[in-house]
Amino acid sequence: MAQITKDTIIADIVNINIGCVPILMAEGMHCVGCPASQGETLAEACMVHGIDADEMAKKLNEFVEAQED
């Protein structure tokens, strides 16, 4: 399983599991589909939105792990 960290690029997160998109969007990251955001790291995107990147990475990893069970 690929581990999502705060240094993971948004496009890579989407490629790991498309189901991560609604999680990001629920946190206010509606730009997840924008071409420019695809090259941003999770930390960069979280910084813009005032979100803790480590907590977001944890939430995304928990979702991905649950999907693999």
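This structure is a prediction, so every number in the text was calculated from the model and none was measured.
No chain of hydrophobic side-chain contacts below 4.5 Å, direct or via other Ile, Leu, Val, Met, Phe, Trp or Tyr residues, connects I9 to I51. Linking ILVMFWY residues whenever their side-chain heavy atoms come closer than 4.5 Å, directly or via other members, places M25 and V64 in the same cluster.
To the nearest 0.5 Å, atoms CD1 (I23) and CD (E62) are separated by 9.5 Å. In this structure, CG in N15 is found 10.5 Å from SG in C20, a value given to the nearest 0.5 Å.
Using a 4.5 Å heavy-atom cutoff, the side chains of L24 and M56 are in contact. Using a 4.5 Å heavy-atom cutoff, the side chains of N17 and L60 are not in contact. I10 is listed as a side-chain neighbour of L42, based on a closest heavy-atom distance under 4.5 Å.
Minimum heavy-atom separation, T8 to T5: OG1-N, 2.8 Å. Listed here is the closest heavy atom pair of Q3 and N61: NE2-ND2, 3.2 Å. Annotation for A43 and A53: closest pair CA-CB, 3.8 Å, computed over non-hydrogen atoms.
The list of salt bridge (Lys or Arg N to Asp or Glu O under 4.0 Å) pairs with a residue in residues 30-47, not counting sequence neighbours, is empty.
Applying the side chain to side chain donor-acceptor pair (under 3.5 Å) rule to E27 yields the partners K59; only residues at least two apart in sequence or on another chain are considered.
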